[in-house]
Amino acid sequence: MRASISWLRRHAELPADPRELADRLTMAGYVVAAVEPCGADTVLDVEVTYNRPDLLSHLGIARELASIFGTALREEPSDLSGVRACADHVPVRVEAEDLCPLYTARVVRGVRVGPSPAWLVAHLEACGQRSVNNVVDVTNWVMLSTGQPLHAFDLSKLAGPGIVVRRAKGEPFTAIDGRRLDVGADDLAICDAERPAALAGVMGGRESEVSDATTDILLESAVFRPLAIRATSRRHQLRSESSFRFERFVDPARTVRASDLAARMFADICGAAAVGPVVSAGPLASAPSAPARIAIRTARVAHVLGMPVTEERIASILASLGLRRESGSGGVSEWTAPTWRPDLAEEIDLIEEVGRMIGFDAIPAERSLPTRPLVADPRLRGLAAVNAALVGAGLRECVNAPFVGAGPLDVALLVDAPALRVENPMRSEESLLRRSLVGPLLATARRNAERGNESVRLFEAAPVYLGVGGGTLEMRLASGVVSGSYGDAKACVEAVASALGFASDLTWERGAPRPLRAARSATVRFGGEVVGVLGELGRAAVAAHGLAGPTAVFELRADRLADLARLDRTCEPVSRFPAVERDLAWIVDDAVTWARIEGAVRRGGGDLVRGVRWLNEYRGEQTGAGRKSVALRIEMRAPDRTLTGPEADACIASVLGVLGRETGGRIRA
Amino acid sequence: MSNGTGQSGGAAAARLAADAEALAAAARAEIESAADLDALAKVRARYAGKNGALKELLKGLSGLPKEERPAAGAGVNRIAAAVQDALDARRTALEAAGADEPDDPSFDPTLPGAPLPRGSRHPVSIVLDEMRAIFVRMGFDEVTGPEVEDAWHNFDALNIPAGHPARERTDQFYVEGGRLLRSQTSTVQVRVMETRKPPLRVFAPGRVYRPETVDARHLYAFHQVEGLVIDEGISLADLKACIRTFAESMYGSGIATRFRPHNFPFTEVSAELDVSCPACGGTPTGRCATCGGEGWIELGGCGMVHPRVLSMCGIDPERWTGFAFGMGVERIAMRRWALEDIRALEENDVRFLSQFA
């Protein structure tokens, strides 16, 4: 709301310095975003919060300032004494009572349409409005003064006999700005006998617009339901100063007063010959709503604000804001809120007003909360350990937007449920919620490749959401994209497993869903449960995703790993006795995995085997087709003594026996 | 004869002792001036080696009378041992000084170190971790909630009734099935109040979504940290103190906080909270790039939990009062690293990320 300081001064004595006005308004809750000179005047650009529709007027802002500075408030005189009255009127009927609580109309005869006086033009320009003619300018001025939007129809253009406020019926309507609209049952229209003359609360019609030839007008001052006005305004993409105010709140108790003020100005400024009586219709015309009483307890004010405030101070603040004291005793007083403050409905609302006017700066800030024991969430500890492990493995954390389009980025690796659809995405390529973090990570890798960052090691830790059985399934994942091979991705997964204390509990099963290569991927299980997948992208996928070279990815159920984590595990002492190491080369079928070989060695060697290391693999003449020679190093150690040569020999003999039985291989000569 | 030799022998012993002292003095001087281990080895050979000067000196003992030999020999040996000690000490000193290796002019200390994959936290995570550490220290428990929410938790329970403009599609991402992406972490407040009994002191970091046009200052997916304290006797003064403690922990004790009344549906009394600009200290000279010359920067919103919100979550607002606050993480990160375009936080360009580790 742009407020002219000279206009505000019509209502209250105010300090001379615009900066002071701006600062005090800001600290009362209404940020003054700009203080701009405008001719001889100065304009405050006030950010009005949604709960204070009354501040969308000079009267409202002046009232707030008068309360802040403790000065008296003056209203514009609206009495019609000295203005010639006539009995002419137009009957009004409100059909859509649910959308229009109050509609008033009055006839004004004999206006002379012409330019507005300079002060009026200056006021409007200060508020960013262009002068149209004196009649339209008066309606706009009254709106900016009181917050009540008005509309003036050219009475001669309306088809008799009266005005009906009703839902439109699929009729054409041409707005003042020339746009042709098709208005229907969701739109409230102000209609003459034949057709809509205005889109209620939003915009007048071109046909009944006031022109230079206009002499008689019908002045509308009404209240419409905010939701109806907002819906129409959005639907037809028509926004106006009127709709902005009706969408919030317009005070029905001051609707007639605004009509009077405008009528007075038509007489004074536009030379109106006679002014007719206000004709009212709508539910509030016959039964105005009575304001509710709100009790405020002095002790509760201190309780909420954290400082004592005297009953007198509370009373003077509330009175300055226009509340009326109805009764009070024993530390409790009852008040009725002014009709223009729909936001004041219960005790806490009044307490806030007291706090606001005292100033939050005056409230002490010296307290401290008592200490209390830490309650650590084990899941969150586990998730933090996953992140730390991945950073430790040399990956850079990314934060990607969770949206993907239908297509190659809608990757699904750990789930077989449909992606959730976003109904109003910003872009069509962002119409789905990601089911995997890998899709957006691949997009990030591509963006980096395009910018010359060809080798990447990236991870992201975030939740994904799936539609399952009409509900939502949330999974917290940790996923990565690394330039390189399966082994590069596996090292990352192993780093996580090691950090969580179950390096040897994971099993690795060949194969994972596309876009991973079946022959270079694995599904990772803990017990029987799938906790991750990893693998290389096929050459086609590398090309399709615009990546610079061989790329491997992993995706882990970080939530499950965190739950399974052994973060409070005990440690093992380091043996003081030396180890004996033996290397051997074992020739087996290609299909025999390292995990089987390692398992056989451990089973064969028993507790003495403390480590089994893969050294290398060889395929060639000595192994024969379809077979490989695996070189490995076995570390043997006893916890309580130095192992002797014969003990180590016996251990290796047992290892070879089990290896032979379980893997069907032989030792390489 | 024995007498004669004895007399001449006494003079020979004295001469031997004098020679030994002279030799030792010469040896010490050479030892001290030996610049490296090679030089020292030569000194050692000259004096203490198998054919060294001290050994030669001992040969002179045979010219002494038999009864004088032990004392004279012991004297020479003492001197030889002292020379040996000096040699050893010098050797230790030279070795400690690294003199064991010859200088290598081809060595370039400015060459890059061996390659090491370097991981890093995302700047948003770094800020979140810092905020987390402060809130944990202040006795807050970390809680989380879902990002895909229902209307009850995102609106109704937060006193945002049907028809409120905040519920419009222009302000929310709606997901099929009547759900939506939460537009504020305040949803977690509700979930905590529904499932736990007061007293409560929790913070909830997380991502929120609002369909804003992306520009240098706005993303439509960003992070917030929400805080909630519910107890008997909690007041606005406690909120102010809590925020002040946080701000001083985050920005240093010189920071000032400011509370401006504002309007949020789920708090009443409501305020926006500002801190004095950490860049210009709140006294901008001209146009400070961080605060735009205002001297203050907005940190977030806060307020006393609306009694209606407490009631809707089954908490008696007469007995319990509380406060809540929410802060934007990206904005803190932007100021922290003087980042001008917020979009860098979502692009994940490795050249950007690598500045954080």
Side-chain angles (χ1 to χ4, degrees), chain A residues 26-29 31 49-52 227 230 303-307 348-349 351-352 355-356 360 363-369 371-372 374-375 377 380 390-402 420-424 426 433 444 447-448 451 453 456-458 463 465 467 470 472 474, chain B residues 116-122 124-125 136 138-139 141-144 146-148 163 165 168-169 173-177 179 181 201 211 220-221 229 233 235-238 240-242 244-245 257-263 268-271 304 306-307 321 345-351 353-354 357:
Chain A
T26 296
M27 290 312 291
V31 174
T49 51
Y50 183 72
N51 63 327
R52 289 297 302 272
L227 289 184
R230 194 190 312 148
H303 185 105
V304 173
L305 298 183
M307 68 178 280
I348 192 68
D349 301 325
I351 294 174
E352 181 173 63
R356 230 167 40 81
F360 290 176
I363 290 168
E366 312 303 329
R367 311 217 209 178
S368 61
L369 300 167
T371 58
R372 53 189 292 273
L374 175 68
V375 184
D377 180 332
L380 294 175
L390 290 170
V391 171
L395 273 68
R396 298 203 181 277
E397 187 188 16
C398 299
V399 174
N400 286 307
L420 283 172
R421 195 168 42 78
V422 180
E423 291 178 347
N424 52 333
M426 299 291 278
L433 289 184
T444 297
R447 195 159 51 242
N448 272 290
R451 295 175 180 187
N453 313 323
V456 293
R457 294 173 67 79
L458 307 172
Y465 295 87
T472 311
E474 175 185 348
Chain B
L116 194 65
R118 211 169 301 171
S120 52
R121 289 284 266 165
H122 190 277
V124 165
S125 297
V136 166
M138 291 170 70
D141 298 332
E142 182 171 353
V143 292
T144 57
E147 295 175 6
V148 175
E168 288 197 25
R169 294 173 85 84
F173 282 111
Y174 280 93
V175 174
E176 61 179 299
R179 286 158 294 191
L181 288 166
R201 203 189 300 174
Y220 49 81
V229 174
S235 71
L236 191 62
D238 294 304
K240 283 189 67 176
C242 174
R244 199 177 74 173
T245 305
T257 51
R258 181 174 85 163
F259 294 75
R260 275 182 293 111
H262 198 67
N263 173 240
E268 185 99 16
V269 180
S270 303
M304 301 299 292
H306 199 295
T321 47
L345 295 173
E346 214 174 70
E347 282 180 350
N348 302 303
D349 189 309
V350 171
R351 292 166 298 179
L353 298 178
S354 62

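Chain naming here is simple, since letters A, B, ... match the order of the sequence lines and numbering starts at 1 in each.
Between chain B and the options A/G29, A/G355, A/G306, heavy-atom pairs under 4.5 Å are most frequent for A/G29. Interface remark: of the candidates B/E147, B/E142, B/H306, B/E147 forms the most heavy-atom pairs closer than 4.5 Å to chain A. Interface remark: of the candidates A/R230, A/H303, A/M27, A/R230 forms the most heavy-atom pairs closer than 4.5 Å to chain B. Comparing A/R447, A/E474, A/M307, A/R52 by how many heavy-atom pairs each has under 4.5 Å with chain B, the most go to A/R447. Comparing B/L236, B/V269, B/N348 by how many heavy-atom pairs each has under 4.5 Å with chain A, the most go to B/N348. Contacts with chain B were tallied for A/L380, A/V31, A/T371, A/L390; A/L380 has the most, counting heavy-atom pairs under 4.5 Å. Of all the listed residues (B/C242, B/P117, B/A237), the one sharing the greatest number of non-hydrogen pairs under 4.5 Å with chain A is B/A237. With chain A as the partner, the residue from B/S120, B/A241, B/A271 showing the most heavy-atom pairs under 4.5 Å is B/S120. Between chain B and the options A/T444, A/L374, A/T49, A/I348, the largest number of non-hydrogen pairs under 4.5 Å is found for A/I348. The greatest number of non-hydrogen atom pairs below 4.5 Å with chain B, out of A/L227, A/I351, A/V375, is found for A/V375. Of the listed residues (B/R260, B/E268, B/K240, B/R121), the greatest number of heavy-atom pairs within a distance under 4.5 Å of chain A belongs to B/E268. The candidate from B/D238, B/D141, B/V136 with the greatest count of non-hydrogen atom pairs under 4.5 Å with chain A is B/D141.
Considering only heavy atoms from C-beta on, B/R244 comes within 4.5 Å of A/E366 through its side chain. The side-chain heavy atoms of B/T245 and A/S368, taken from C-beta on, include no pair separated by under 4.5 Å. A 4.5 Å side-chain heavy-atom check between B/H122 and B/L345 finds at least one atom pair inside the cut-off.
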Could you give me the CA-CA distance, side-chain angles and deciding distance for A/L458 and B/V350, then say whether side chain to side chain contact (heavy atoms under 4.5 Å, CB included) is met? CA-CA 9 Å; A/L458 307 172; B/V350 171; 4.0 Å; yes
Run the side chain to side chain contact (heavy atoms under 4.5 Å, CB included) test on A/L420 and B/E176 for me, step by step, so that the C-alpha distance in whole Å, both residues' side-chain angles and the decisive distance to 0.1 Å come before the verdict. CA-CA 7 Å; A/L420 283 172; B/E176 61 179 299; 3.9 Å; yes
Could you walk me through whether B/R169 and A/E423 pass side chain to side chain contact (heavy atoms under 4.5 Å, CB included), step by step? CA-CA 9 Å; B/R169 294 173 85 84; A/E423 291 178 347; 3.2 Å; yes
Take A/T472 and B/V175 through the test side chain to side chain contact (heavy atoms under 4.5 Å, CB included) and record every step on the way to the result. CA-CA 10 Å; A/T472 311; B/V175 174; over 6 Å; no
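A/R457 touches chain B through its side chain: at least one heavy atom from C-beta onward sits under 4.5 Å away, while N, CA, C and O do not. Within the 4.5 angstrom heavy-atom criterion, atoms from both the backbone and the side chain of B/F173 approach chain A. Proximity to chain A involves both the backbone and the side chain of B/P211, based on heavy atoms less than 4.5 angstrom apart. The parts of A/N424 that come within reach of chain B are both its backbone and its side chain, each placing non-hydrogen atoms under 4.5 angstrom from that chain. The part of A/A28 that comes within reach of chain B is its backbone (N, CA, C, O), which places non-hydrogen atoms under 4.5 angstrom from that chain. Only the side chain of B/T144 comes within contact range of chain A, judged by heavy atoms closer than 4.5 Å. If you measure heavy-atom distances from A/Y50 to chain B, the contacts under 4.5 Å come from both the backbone and the side chain. In this structure, chain A has heavy atoms under 4.5 Å from both the backbone and the side chain of B/E347. Of the atoms belonging to B/R351, heavy atoms from both backbone and side chain fall under 4.5 Å from chain A. Using a 4.5 Å cut-off between heavy atoms, B/R179 contacts chain A through its side chain alone, with no backbone atom that close. With a 4.5 Å cut-off on non-hydrogen atoms, A/P463 touches chain B through its side chain but not through its backbone. With a threshold of 4.5 angstrom between heavy atoms, A/N400 approaches chain B through its backbone and through its side chain.
Interatomic distance, A/T26 OG1 to B/R258 CZ, rounded to the nearest 0.5 Å: 7.0 Å. Between the SG atom in A/C398 and the CD atom in B/E346 there is a gap of 11.0 Å [rounded to 0.5 Å]. In this structure, the separation between CD on A/E352 and CZ on A/F360 is 6.0 Å, given to the nearest 0.5 Å.
The two atoms that bring B/R201 and B/G139 nearest to each other are CD-O, 3.4 Å, heavy atoms only.
The salt bridge (Lys or Arg N to Asp or Glu O under 4.0 Å) search around A/R356 returns A/E64, A/E353, not counting sequence neighbours.
Atom CZ of B/R118 has 12 or fewer heavy atoms from other residues, nucleotides or ligands within 6.0 Å.
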